[in-house]
Every structure is written in C-alpha cells, then in structure tokens.
Amino acid sequence: MSDTWKIVMVASECVPYAKSGGLADVVGALPAALQKLGHEVIIVIPKYRAIDAEQFDIQPFLSPMGVWMGDTEEWCAVYKIQNQAGVAVYLIESDKYFDRDGLYHDAEFNDFLDNPRRFAFLTRAALQLCIDIGFKPDVVHAHDWQTALASAYLKTWHWDDPVLGGAASFLTIHNIGYQGVYDAGHYDYTGLQWGNFTSDKFEDHGKVNFLKGGIYYADLVNTVSPTYAKETRTPEMAHGMAPYLNDKGENYVGILNGVDYSQWNPEIDPLIPANYSRDDLTGKGICKRELQKRFYLYEDGDIPLIGVISRLAHQKGLDLLSGAIESVLDDMHVQFVLLGSGDKALERYFAHLPVRYPGRAGSYIGYNNELAHWIEAGVDMFLMPSRYEPCGLNQIYSLKYGTLPVVRATGGLDDTVEQYDEATGGGTGFKFIEASAHSIYYTVGWAVSTYYDRRGHWDQMVRRAMEKRFSWDDSAQEYVAAYRRAIENKKGL
Ligand code: ADP
Ligand code: GLC
C-alpha cells in the first residue's frame with residue numbers, strides 16, 4: 001500500500017472562511033498537518049454568503065456542475081482558493097442553499113428547515129467534484145452529521161465508480177449531540193433507497209438519522225478525544241448511538257484534536273494587546289489591564305479574572321454557571337467576563353450581569369474572534385463547566401496562554417487538563433466531577449484560594465501549562481494510522 005494518499009475533507013465549516021465552533025478549527029488545521037506528512041488533501045465546504053470572496057481572493061473554478069438529488073439534477077458552481085498552508089479549498093456555490101445569513105440557523109437561532117437537504121447537497125456535490133476533476137481519493141473524510149452521508153454514497157451510488165469506487169470512507173464525530181434527525185420524508189432526495197431505511201442504518205424511531213447511517217457505512221469512525229470515545233460507548237453519554245458505535249468494535253477510536261499554534265500562541269498572536277512568553281509574562285499583565293478596560297472593569301492586576309468563551313448551548317453547562325456565578329461574585333474577590341451567544345435566556349442573563357456587578361462583571365453577547373484571543377490572554381482562569389465535551393479547544397488554548405482551566409472532568413477536558421495537586425503544586429488546572437452549580441462554586445473557590453494563598457503553586461502551574469503542546473503534527477500521525485486501517489477495511493484486508 002502506498003504511503004501517501006489523496007484525501008478529500010468535506011465539511012460544513014473551515015477556518016478562516018466559516019466558523020461556528022471547534023469543527024472549523026479542526027478542518028482548517030488538520031489538512032495542513034497531513035500535507036506536511038506528504039499527503040495530498042483537498043477541502044470542500046459551502047460558499048456561504050458570509051464568506052468574503054474579495055478578502056480571500058476566491059476564484060471561479062467550475063460552472064455549472066450537476067448534482068443528483070434523488071431523481072432530479074440540481075446545478076451549482078465551484079470556486080477555489082489555496083489556503084495559507086497551500087491546501088486547495090473548493091467552495092460549492094448554490095444560492096438556493098447557501099446564500100443566506102447564518103450557517104445553520106437564522107439570527108434567532110431557529111435552525112433552517114432545509115438543513116438536511118442543504119448538507120446532503122454539499123456532500124453529493126463534493127463527491128461529484130472529485131469525479132468532474134478526476135481527483136481519485138484514497139480516503140473521503142467526512143465530519144459530523146452534515147456530511148456523514150458521504151460514507152453511504154461511497155458504498156451505494158459510487159461503489160463501482162472509476163474515480164470513487166476505491167475510496168475508503170472515514171467519519172469524524174465532533175459532537176454526538178447533533179445527529180441530523182429529520183422526518184422520514186427527507187430520505188427521499190438523498191437517493192439512498194428505501195431498502196436501506198432500516199433500524200441498523202438510517203431509521204431512528206420512524207425518522208431519518210444522518211449520523212447513524214454514516215456510522216454504519218463508514219470504514220472507520222473516530223471522535224476527537226480518547227475519553228469521549230470511551231464515554232460514547234455507554235448509553236448515558238451517547239445520545240442513543242452506543243449500540244451502533246459498539247458494533248464498530250476496533251473501528252471506532254478517539255484521536256485528540258491538536259492546536260494551530262500559528263493562530264493561538266501568545267508569543268506571536270497579532271490580535272492581543274501585548275505578546276508574552278513563559279519566560280516573561282509582563283505582556284500577560286498588559287493584556288489583563290486592557291481587557292479590564294475594554295469591559296469597564298476595575299483595573300487591578302492582582303484580582304483573579306475568570307473568563308468564559310462559549311456557545312451558549314446545553315452541552316456547555318452555562319445554565320449551571322448561571323446558578324453559581326452570583327454566589328462567586330458575592331463571596332469572592334474576583335472579576336468575570338463572558339463571550340458567547342446561543343440560548344436566548346442565557347444571553348439575556350449574562351448580558352444583564354454587568355449591570356448587577358458593575359466594575360466586576362463584563363459580557364459580550366455575539367461572536368468575536370479578536371475578543372476571544374483577548375480573553376484567552378487577559379484572564380487568569382478559564383471556566384468550562386461542560387455537561388459533555390468531545391474535545392474542547394478553548395481549554396487547550398488557555399494552557400498555552402498561561403490561563404489555568406477550571407473544567408468539568410469529562411471528554412477531552414479530562415484528557416487535556418491535569419488536576420492540581422495541593423501537596424506538590426503539580427497539575428495544570430482544576431477539575432470537578434459533578435455537573436452542578438455547587439461543584440462550579442467550590443472548584444472556582446479552590447482555584448481562587450490557590451491564586452491568593454498558594455501563589456507559588458499558581459505561578460508554577462502557569463509555566464507548566466504554557467509548556468504543554470497539543471500539536472497537530474502528532475494528531476495527524478494518528479489520523480494517518482487510522483486512514484491506513486480504513487483503507488485496509490475498505491479493501492477487506
Ligand atoms: P465547540 O466546538 O463545541 O463550540 P470548542 O472548544 O471545540 O467548542 O471550540 C470553540 C471554538 O469556537 C473556539 O475556537 C472558540 O474560541 C470559538 N468560539 C466559541 N464561541 C465564540 C464566540 N462567541 N466568539 C468567538 N469565538 C468563539
Ligand atoms: C465540537 C465539540 C468540541 C470539539 C470540536 C472540534 O464542536 O463540541 O468539544 O472540540 O467539535 O472537534
């Protein structure tokens with residue numbers, strides 16, 4: 001078997017063009033790391049309205065391209081760009097599906113009703129593009145429910161296609177909480193034939209489940225941390241998918257995400273007020289002051305500043321935080337800032353917090369990448385009380401920025417943060433087990449008392465955290481090993 005492969009990544013997000021969460025960071029960074037290892041990777045994503053064609057010098061590439069949706073052929077155009085790492089990114093233009101504000105939902109967070117059709121179209125278009133340009137992939141790598149159908153198409157429609165027939169299918173689950181479950185009528189235009197609408201494949205309590213069908217057909221499935229891979233084999237954590245993931249046996253694995261340290265590194269980050277390193281943390285103090293100014297907080301270098309950057313979704317446990325944060329602010333000498341958007345009740349709650357705690361609490365409801373960098377650099381501790389967390393990237397960014405994570409010990413949070421040891425000063429953060437407001441309160445209290453009373457330990461932990469490396473180079477090697485197994489599975493070796 002050749003040691004370098006052709007790989008197609010098909011996904012609904014990719015940094016720097018379109019992002020709602022960590023999926024985009026992964027799809028932006030993994031191909032570059034694979035390319036460094038000698039593989040040829042292309043990325044296919046939608047051309048959303050929000051992508052600025054001029055800013056990125058996006059060029060028309062192919063038009064028109066016909067894509068079969070059930071019994072009808074629909075038409076789109078393809079644009080192309082090389083990303084910063086020299087990876088070719090193809091953008092599928094279809095006004096009907098992608099020329100609207102928002103990736104998945106409108107401004108009120110109502111999901112677009114045609115999401116299954118939009119992403120089935122993207123997936124079929126990506127495969128059609130391979131045929132049209134003669135790109136004969138060894139691996140088609142899909143991400144989450146949006147593109148999970150790729151594995152089914154490869155095993156059905158394209159099984160004997162000269163370009164696609166040999167490709168192994170690989171599916172990464174970034175979040176099992178989103179499975180793409182819709183009324184069965186949506187199955188029609190997938191063209192996947194009703195014979196496959198069975199309870200081991202696509203059928204899910206009478207509905208169609210895109211992720212479930214994708215899992216069935218994929219030659220190999222992974223998720224984004226070893227602990228989440230174990231957790232999702234249990235009924236409590238798998239949102240109904242445990243039996244199907246267990247059926248995959250050895251062909252379901254966990255591979256920890258890496259970090260793009262060209263984007264997230266306080267030594268070179270162009271977005272933050274001052275750069276710094278583990279040998280000279282002066283710049284971190286400046287970042288803290290500037291962040292305090294930006295949020296109208298009292299400027300005080302010695303008060304512990306707690307930060308959150310998050311989608312305001314049930315997964316992230318910020319409703320639990322809303323039950324703890326006022327006690328934290330009432331009882332402890334701390335400051336707090338939050339950047340996030342999502343759940344409307346939580347948006348209202350956190351938007352109002354600064355009014356109740358002037359000078360001590362700040363919030364920005366919305367999406368702001370620059371501010372995310374400011375917060376990583378400017379706060380002392382980063383809070384992630386997630387109910388579940390497949391990997392989590394912000395806590396890993398925090399480590400690099402010398403910002404100690406306070407996290408629930410779940411999924412990738414448990415894999416990347418080492419518990420503080422009060423006896424030795426060891427560890428890189430503070431972990432708790434129970435998903436409750438109480439646990440958040442007490443663990444923040446533990447971190448705050450360490451900041452004030454065991455300052456030597458705190459400073460050691462900051463330096464230790466900044467030394468940790470979660471490099472994409474290592475994770476890419478693991479993906480290569482997993483691709484090899486997928487290719488062997490496909491060939492029946
Ligand atoms: P998830 O993908 O579940 O949202 P991750 O921790 O893997 O969680 O990744 C979240 C990514 O999205 C991080 O890069 C984070 O900085 C970014 N992010 C989340 N919310 C916002 C926001 N409101 N503004 C800017 N960046 C955000
Ligand atoms: C998902 C998960 C998050 C993970 C990200 C990238 O959005 O919620 O934990 O880090 O995907 O894999």
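All ligand and atom numbering here is 1-based and tracks the order in the structure.
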Validation row, ring centre Tyr483 to ring centre Phe170 under 6.0 Å: yes
Nearest protein heavy atom with distance in Å, relative to atom 14 (O) of ligand 1: Lys19 NZ, 2.7 Å
Test of ring centre spacing under 6.0 Å for Phe295 and Trp374: no
Atom 23 (N) of ligand 1: the protein heavy-atom neighbour that sits closest, reported with distance to 0.1 Å: Gly366 O, 2.8 Å
ring-ring contact (aromatic ring centres under 6.0 Å, His included) involving Phe382 - partner list, sequence neighbours excluded: none
Close approach, Gly340 and ligand 1, non-hydrogen under 4.0 angstrom: yes
Heavy-atom nearest neighbour in the protein, as seen from atom 22 (C) of ligand 1, with distance rounded to 0.1 Å: Tyr367 CD1, 3.4 Å
Under 4.0 Å from ligand 2 - residues by heavy atom, chain and number: Gly22, Leu23, Val26, His174, Asn175, Val224, Asn257, Arg311, Gln315, Glu389, Pro390, Cys391, Gly392, Leu393
Near-ring test Phe432/Trp446, centroid separation under 6.0 angstrom: no
Pairs touching residues 374-389 that satisfy salt bridge (charged side-chain N to carboxylate O under 4.0 Å, His left out), sequence neighbours left out: Lys288-Asp380, Lys316-Glu389, Asp319-Arg387
Ligand 1-proximal atoms of Ala24, by part, heavy-atom distance under 4.0 Å: neither
Residue part near ligand 1, for His174, under 4.0 Å between non-hydrogen atoms: neither
Pair His239 + Tyr388: ring centers closer than 6.0 Å: yes
Heavy-atom nearest neighbour in the protein, as seen from atom 24 (N) of ligand 1, with distance rounded to 0.1 Å: Asn368 N, 3.0 Å
Lys/Arg-Asp/Glu bridge criterion (N-O < 4.0 Å) met for Arg464, Glu418: no
pair Tyr298-Arg360: side-chain heavy atoms closer than 4.5 Å: yes
Val334 side chain reached by Tyr451 side chain, heavy atoms, under 4.5 Å: no
4.0 Å heavy-atom contact, Tyr397 with ligand 1: yes
Shortest heavy-atom approach to atom 6 (O) of ligand 1 - which of Ile396, Leu393, Val15: Leu393
Residue part near ligand 1, for Gln395, under 4.0 Å between non-hydrogen atoms: neither
Protein heavy atom at shortest distance from atom 16 (O) of ligand 1: Asn394 ND2, 3.3 Å
Pair Tyr252 + Tyr244: ring centers closer than 6.0 Å: no
Ligand 1 contact on Asp25 by region, counting heavy-atom pairs under 4.0 Å: side chain
Salt-bridge present (Lys230, Asp414; N to O < 4.0 Å): no
Nearest non-hydrogen protein atom, atom 20 (N) of ligand 1: Ser310 C, 3.8 Å
Distance from atom 19 (C) of ligand 1 to nearest protein heavy atom, with residue and atom: Ile309 CG2, 4.1 Å
Ligand 1 atoms in contact with Gly392 (distance to a heavy atom under 4.0 Å): 6 (O), 7 (O)
Minimum-distance protein heavy atom relative to atom 10 (C) of ligand 1: Gly22 N, 3.6 Å
Criterion ring pair (Phe, Tyr, Trp, His ring centres under 6.0 Å) on Trp145 and Tyr182, from CA distance to verdict: CA-CA 12 Å; Trp145 76 263; Tyr182 296 98; 5.7 Å; yes
All salt bridge (Lys or Arg N to Asp or Glu O under 4.0 Å) counterparts of Glu231, not counting sequence neighbours: none
Close aromatic pair by centroid cut-off 6.0 Å: Phe210 and His186: no
Winner among Lys316, Arg311, His373, Met384 once heavy atoms are compared against atom 8 (O) of ligand 1: Lys316
